[in-house]
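Okay, so here's the structure we're looking at.
All residue numbers in this chain count up from 1 along the given sequence.
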Amino acid sequence: MNTTEHVVEAAGLVKHRGDFTLGPLDLRVPRGFVTGMVGANGSGKTTTLRTLLGLVRADAGRIAMPPISEVGVVFDQPFVLPYWRVRDAAAAYAASRPGWDQDWFDQLCRRFRLGANERVNKLSRGQGNKLMIGLAMGNHPDLLILDEPTSGLDPAARADLVDLLREHMRRQEASLLFSTHITSDLEQFADYLVFVDGGQVVYSGAVDELIEEFAYIQGALTDLTAENTPLIRGLRRGQHNFDGIIRTADTAGFGPGVQIETPTIDRVVVHHVRPRDEEP
């Protein structure tokens, strides 16, 4: 049994890709929990995951994680040969994945309504995601890394996948790292959150602590002053009102006329990465 506190650790991770630079980035994924990764498109989520997995080579930094053969991985497109049937993909995984459980994979296929004779290139995007999830879970990995796993799934299929992942997490020491733009999945399911913006980690910690650290604020434009305006992240001005995100420690900088609420993860992310409005 592995008793280390973190299943993934990265320190000083750097990756240059054209004009984009990831890092320097420090990342720790707690063992035995669900860690969600959020950020705008192009923020570096997928690059981070691919670098952790060695699919692209880091330019600097240190990574410690289980061997790739012991990690279940899903990206937003199937990476099995398109002319394969579902059963061919399973056979390839069975030959390279220690502890492959064909009965369990067949059970997942029935749950996902995937036929053994269906060809990969005939699957819809949602079906392709389900196939890759089934393959990733086929050897009961202790670590799952999923990139946008609910993309292309309808609400019912998304709910079923979340239920399946919850069942997987009940196994001792099971760990999950997944990126998503559907923040409602995180609020229902994640224990920890990594917020990436511009190739940097903006926040890393418990979901509950993120909600406690930030507050959603709205009020009349007349409530804005030269002193409190810089405190608002993602300030959005309307004709008469404004809204945005502030740190809860900064609430004293605003008068009694503003409304301050507990934010959703979506509001924190959207307002944080949103460019600041100029004076109208």
Side-chain angles (χ1 to χ4, degrees), residues 19-27 33-48 147-155 158-159 162 178-280:
D19 295 333
F20 177 79
T21 296
L22 176 74
L25 181 150
D26 294 335
L27 177 67
F33 294 95
V34 178
T35 299
M37 181 178 290
V38 295
N41 288 337
S43 62
K45 300 189 304 297
T46 297
T47 300
T48 299
D147 188 23
E148 300 284 355
T150 60
S151 178
L153 302 182
D154 60 48
R158 275 174 42 214
V162 170
F178 76 107
S179 73
T180 183
H181 66 279
I182 305 174
T183 54
S184 59
D185 292 344
L186 293 172
E187 290 170 336
Q188 297 176 40
F189 186 40
D191 303 298
Y192 291 89
L193 185 71
V194 176
F195 178 12
V196 181
D197 184 31
Q200 299 289 325
V201 173
V202 176
Y203 174 85
S204 179
V207 171
D208 291 345
E209 291 174 2
L210 174 79
I211 301 304
E212 293 173 0
E213 184 172 340
F214 293 97
Y216 174 69
I217 186 170
Q218 53 186 333
L221 291 178
T222 52
D223 292 312
L224 294 176
T225 67
E227 291 74 25
N228 64 27
T229 297
L231 302 176
I232 305 173
R233 299 172 184 234
L235 174 63
R236 178 172 55 188
R237 290 183 175 94
Q239 188 173 357
H240 303 290
N241 301 307
F242 76 92
D243 71 342
I245 291 292
I246 62 171
R247 292 191 177 274
T248 52
D250 292 331
T251 56
F254 297 86
V258 301
Q259 183 176 349
I260 296 176
E261 304 173 359
T262 300
T264 61
I265 295 174
D266 189 61
R267 277 179 168 167
V268 173
V269 173
V270 169
H271 282 276
H272 194 105
V273 302
R274 188 177 185 277
R276 181 181 296 276
D277 279 358
E278 300 293 334
E279 290 286 351

> After noting the C-alpha distance and the side-chain angles of V194 and V201, does the key distance pass the side chain to side chain contact (heavy atoms under 4.5 Å, CB included) rule?
Replying inline: CA-CA 7 Å; V194 176; V201 173; 4.2 Å; yes
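- Nearest heavy atom pair, residue G23 against residue Q200, reads O-NE2, 2.6 Å.
- For the side chain to side chain contact (heavy atoms under 4.5 Å, CB included) test, residues two or more places apart in sequence or in another chain that qualify with T264 are E187, D266, R267.
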Under 3.5 Å donor-acceptor pairs involving side-chain atoms of residues 209-221, not counting sequence neighbours:
{"residue": "E213", "atom": "OE2", "partner": "R247", "partner atom": "NH1", "Å": "2.0"}
{"residue": "Y216", "atom": "OH", "partner": "D243", "partner atom": "OD2", "Å": "2.8"}
{"residue": "Q218", "atom": "NE2", "partner": "E261", "partner atom": "OE2", "Å": "3.3"}

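- Here CZ of F178 is found 9.0 Å from OG1 of T35. Values are rounded to the nearest 0.5 Å.
- Between L231 and I246, the closest heavy-atom pair is O-CG2, 3.6 Å.
- Remark: Y192 pairs with F33 by the ring-ring contact (aromatic ring centres under 6.0 Å, His included) rule, at least two apart or across chains.
- In this structure, D147 contributes its side chain and S179 its backbone to no donor-acceptor pair below 3.5 Å.
- The backbone N or O of T248 lies less than 3.5 Å from a partner atom in the side chain of T251, making a donor-acceptor pair.
- G44 and L22 get closest at one heavy-atom pair: O-CD1, 3.9 Å.
- Between G199 and L25, the shortest heavy-atom contact is O-CD1, 4.1 Å.
- Atoms CG and CE, on L193 and M37 in that order, are 9.5 Å from each other to the nearest 0.5 Å.
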> side chain to side chain contact (heavy atoms under 4.5 Å, CB included) between V38 and Y203: does it pass, once the steps are laid out?
Replying inline: CA-CA 10 Å; V38 295; Y203 174 85; over 6 Å; no
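- Using modelled atom types and a 3.5 Å distance limit, the side chains of D197 and S43 yield no donor-acceptor pair.
- Annotation: the span from T229 atom OG1 to F242 atom CZ amounts to 7.5 Å, rounded to 0.5 Å.
- With hydrogens and angles ignored, the 3.5 Å screen pairs a side-chain donor or acceptor of N228 with a backbone N or O of D223.
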